[in-house]
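Notes to accompany the following structure.
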Amino acid sequence: TMKKTTTHQSKGLKPRQVRDSDQVKKVCHFCTTNTKPIYTDVVSLRRFVSSRAKIVPKQRSGVCAKHQRKLTTEIKRARHLALIAFTASI
């Protein structure tokens with residue numbers, strides 16, 4: 001493993017060592033369960049929507065690119081049919 005050094009010169013902090021092995025690769029939820037995102041399955045879609053009703057990016061959710069594109073479409077479809085809220089409830 002190669003070490004990456006990031007510097008925080010603007011804040012006056014010491015450089016820190018980041019190892020590639022410390023990062024855990026997330027596995028796609030839909031690939032492991034062999035399912036597809038469907039707009040009627042509101043419970044599973046809510047896993048990929050933040051508390052502010054934003055669609056979670058794939059780096060954070062761990063979904064592969066193919067399913068992230070489909071997931072985005074299905075969340076928007078569910079919002080249009082009023083199954084999921086467009087905004088966070090206040």
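Here, residue 1 is the first one in the sequence, and each next residue gets the next number. Computed from a predicted model, the values in this text were never measured in an experiment.
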Minimal heavy-atom distance between Ala53 and Ala85, with the atoms involved, is CB-O, 4.1 Å

Considering residues at least two apart in sequence or located in another chain, which fulfil the side chain to side chain contact (heavy atoms under 4.5 Å, CB included) criterion with Ile38?
Thr40

For Val56, which fellow cluster members are found when Ile, Leu, Val, Met, Phe, Trp and Tyr are connected by side-chain heavy-atom distances below 4.5 angstrom, either directly or through intermediates?
none

Start with the C-alpha gap between Gln68 and Ser61, add the side-chain angles, then the distance that decides, and say whether side chain to side chain contact (heavy atoms under 4.5 Å, CB included) holds.
CA-CA 9 Å; Gln68 180 70 25; Ser61 65; 3.7 Å; yes

What distance do Ser50 atom OG and Arg60 atom CZ have between them, rounded to the nearest 0.5 Å?
6.5 Å

Verify same cluster id: Phe86, Leu83 (apolar side-chain graph, 4.5 Å)
no

SG (Cys64) and CZ (Arg69) are apart, to the nearest 0.5 Å, by 8.0 Å

What is the distance from atom CD1 of Ile55 to atom CG of Leu71, rounded to the nearest 0.5 Å?
7.0 Å

Results of side chain to side chain contact (heavy atoms under 4.5 Å, CB included) for His29 - residues two or more places apart only:
Thr33, Arg47, Phe48

Heavy-atom closest pair, residues Glu74 and Pro37:
CG-O, 3.3 Å

Can you tell me how far OG1 of Thr87 sits from CZ of Arg79, rounded to the nearest 0.5 angstrom?
9.0 Å

From OH (Tyr39) to CG (Asp41), nearest 0.5 Å
12.0 Å

When hydrophobic residues are tied together by side-chain contacts of less than 4.5 Å, even through go-betweens, does Phe30 share a cluster with Val27?
no

Quick one: closest heavy-atom pair of Cys28 and His67, and the distance?
SG-ND1, 3.5 Å

